[in-house]
Each structure stands twice: as structure tokens, then as C-alpha cells.
Amino acid sequence: MTSVPPTTPVQRVAAACRLMHEAQGPLPVNTLIAATGCSSRQLQRDFADVLDTTPRTYGRSVRTTLARHRLAGATRVTDAIYDAGYGSVRAFYEEAAQRLGMSPRDYANGAPHHVLLWSITDTDIGTVMAVAAPQGLCSTGIGEPAELMERVKREFPAAILLRDDGAMTDVMSALVHLAAGRSAPDLPLHVQGTAFQARVWSALKEIPEGDTRTYAEVAQSINAPSSARAVANACGANPTAIVVPCHRVVRTDGSLGGYYWGIEIKRDLLQREATP
DNA sequence: ACTGTCTGTGCTT
DNA sequence: AAGCACAGACAGT
């Protein structure tokens, strides 16, 4: 699961970034080098080469980005500030306030690309690729490896994509189980969507394996009974196929409806789930 | 070519 | 004022 000390610059940077995402903010360089197995000077150079920034700047960006997201949904601004890891409201305003409303140039300097890990594996329903941030799974896809790779590059154009089969062993084995129509432990997700999409996707996770719902039923279950069409669109926009089981939603007349990755795969998945 | 040590400078707290 | 991050210079492999 946890890999040996990273040896390439990109791997070292990825390891350090992951630590700071877990810590939700900047960490002392001396803490970071424990995980990277190199000197502080080398880590500084790696960050400069790979991300065109510094460890500290990256960590601050993690914290301010978190603050930005929390502020969006917070009832009390001060709660959001403390949740985001600032020691005081004053510290927040001094460090982050300008950054939250920063110029495009500052944003480019202070918000480096994300490092995303990916892996790919064969399953019963075809080749499956998965992309993960430290917070959780971002994207899954089914199909030809080359096409999947292209798709991911388009989906995350600013990301540094790093293949790491070792770090994703658990995720990939869960996907293999799911693709076989069997159950798997819940995977942490890190997906972005509108509020409506989020409601649909979380409703989909409630559909038991081997079962199906109609688009209209899902619409009712989220208190939007007239939104069956919008539900179908949200299913089509599901970034984490198989994990969020959009394949379990069918039309009221019993036909399968659509599936982003191909109707054959949807049929295949449902058959495997129906016959355990 | 890549990496670590030493070091001066300048931020941050 | 103290501590730390940063990056240049240099040397070892």
C-alpha cells in the first residue's frame, strides 16, 4: 500500500503534496523530507522544476483553497476560517483574504497544478482506468487505454498525472470487484458537480447492488419529481462510473436508457449484478 | 547529471 | 528578534 521512498522528482513532489493535502495546509520542509527521502534542498529544487513553485507556497495554496470551498457552504465565516486551519481570524485575513480575491497572475503563481495519481486494470467488463486525488477518487472510465488516457488529459488539463499502481492497489481491486458485479468497500470520492448533481449521485449510491431504479424514481427520491430528464443528464455526467452506480438507473418502460460508456457495458454490468 | 552541504538573504511570525 | 524558507555556489558521486 504505502510505497517505498519516492525516487524521481515527480514522485517526491507528489508525496509531499499528498502530505500537505492530508494536513490541509503547509508543513515544515523538514517534515516533508521524512516522506521523500531526500534533502530539503533537493525538495525545494523538485518543487521548482515540477510545479514551478515552492513547498511552502503550495501548502498555503492547499489551505486557502480549502478555505474557499468551506466559505461557500459555511453558515458562520469564523467557523470556516478555523476549520480551514487558521489559528486566528486575523491570520486568515492577513494571509488568505487577498488570495481569495487575487488577480489571475497571483492565482497562477499561488495555485499550482494538482498532482493526480492514476492506475489502470483489466476487469470483467473491460479495461478500467481510475484517477485519484489525495482526498479520494476523481474519475473512472471504461474502454481502450489510449482513449481513456486522452480523456483524462482533457478532463484534467492542468494536472500532473502520475501513474502509481502501488498507491492505488486498494482502489483498483475494489473496481475489479464492482465490475464483476460483486460488492466492494466504499471508496472515498473527490468529485465536483453542481448541487443538483451531487444530490443525484448520492441518491444513486443508495440503490442496492442487483437492483435498479427508474429515472423518475430517482427524481422522486431527491424531491424533484419533475426532474427525471435532469436526473438522466446527471447520470450521464457521473465522473465515477461503477463506483456511483449510474448503470442501475433505467427507463420506466423497462428499456435500459443510455450509458456514457456504451449500452453494452451497462447491460453487462446489470447482468453480472443480477446473478451473483 | 543529479544530489547534499553550506551559506547569505529576506520572509514570516 | 528569532526562526525558517529559499536559492546560489560548490563539491561529491
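On a predicted model such as this, the values are computed, not experimentally measured, just so you know. In what follows, chains are A, B, ... by sequence order, proteins preceding strands, each numbered from 1.
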Asker: Mind checking side-chain contact (heavy atoms from CB on, under 4.5 Å) for A/A232 and listing every partner two or more places apart, or none if nothing turns up?
Answerer: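 If we apply the side-chain contact (heavy atoms from CB on, under 4.5 Å) test to A/A232, skipping adjacent residues, the hits are A/Y215.
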
Asker: Can you check the A/Q42 CD to C/dA11 C1' distance for me, whole Å?
Answerer: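 Spelled out: CD on A/Q42 to C1' on C/dA11 is 15 Å.
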
Asker: In residues 236-245 of chain A, what donor-acceptor pairs under 3.5 Å come from side-chain atoms, sequence neighbours left out?
Answerer:
residue: A/N238; atom: OD1; partner: A/T240; partner atom: N; Å: 3.0
residue: A/N238; atom: OD1; partner: A/T240; partner atom: OG1; Å: 3.3
residue: A/N238; atom: ND2; partner: A/T240; partner atom: O; Å: 3.4
residue: A/N238; atom: ND2; partner: A/V244; partner atom: O; Å: 2.9

Asker: The criterion is side-chain contact (heavy atoms from CB on, under 4.5 Å); which residues satisfy it with A/P145, sequence neighbours excluded?
Answerer: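 Once residues adjacent in sequence are excluded, the partners of A/P145 under the side-chain contact (heavy atoms from CB on, under 4.5 Å) criterion are A/I120, A/T127.
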
Asker: Got a sec, which residues hit side-chain contact (heavy atoms from CB on, under 4.5 Å) with A/T252, two or more places apart in sequence or on another chain?
Answerer: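 Here the qualifying residues are A/T214, A/A216.
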
Asker: How long is the line joining CG of A/L43 and P of B/dT3, in whole Å?
Answerer: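 One finds 12 Å between P of B/dT3 and CG of A/L43, rounded.
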
Asker: Identify, with sequence neighbours excluded, every residue that meets side-chain contact (heavy atoms from CB on, under 4.5 Å) alongside A/E150.
Answerer: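 A/E150 satisfies side-chain contact (heavy atoms from CB on, under 4.5 Å) with A/K153, A/R154 once adjacent residues are dropped.
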
Asker: Once each nucleotide of nucleotides 2-8 of chain C is scored for protein heavy atoms under 4.0 Å, what B/S/- sequence comes out, 5' to 3'?
Answerer: ---SBBB

Asker: Rounding to an integer number of Å, can you tell me how far A/D46 CG sits from B/dG4 P?
Answerer: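 So the CG-P distance, A/D46 to B/dG4, works out to 9 Å.
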
